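Read the structure below first, then the notes.
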Amino acid sequence: MAIPNVKRYRISNADGTQTATIMAVLPKDADVTAYLSDAAKRFDWKAYGDAQAKQFKVRVGQQKQKKAK
């Protein structure tokens with residue numbers, strides 16, 4: 001079940017080398033740019049980069065091979 005009024009925002013780190021997507025529900029009178037800049041400062045970029053690297057890591061080592069007929 002989805003949460004109503006959730007919007008996706010893209011943030012980038014200070015270097016501009018990494019981007020991440022955050023989902024948030026903000027009040028009507030909230031300053032979106034101030035919220036996103038604060039969220040980008042508090043975001044754990046090192047853990048996010050490690051998780052991305054682990055997710056797309058190619059398995060190296062002994063693997064099963066199919067027998068040729």
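This is a predicted model, so every value here is computed, not measured.
The shortest heavy-atom contact between I11 and A40 is CD1-CA, 4.0 Å. The heavy-atom pair separating A24 from Y35 by the smallest distance is CB-OH, 3.7 Å.
Applying the side-chain contact (heavy atoms from CB on, under 4.5 Å) criterion to K46, with sequence neighbours excluded, gives D44, D50. For R10, the side-chain contact (heavy atoms from CB on, under 4.5 Å) test picks out T19, T21, with sequence neighbours left out. Partners of R8 according to the salt bridge (charged side-chain N to carboxylate O under 4.0 Å, His left out) rule, which considers only residues two or more places apart in sequence or in another chain, do not exist here. Taking the side-chain contact (heavy atoms from CB on, under 4.5 Å) definition, one finds that N5 meets it with V25, sequence neighbours left out. Evaluation of the side-chain contact (heavy atoms from CB on, under 4.5 Å) rule for Y48 yields A20, F43, W45, Q52 as partners, not counting sequence neighbours.
Atoms NZ and CG, from K41 and L36 in turn, are 12.0 Å apart once rounded to the nearest 0.5 Å.
Residue pairs meeting the side-chain hydrogen bond (donor to acceptor under 3.5 Å, both in side chains) criterion with at least one partner in residues 22-32, sequence neighbours excluded, are D31-T33.
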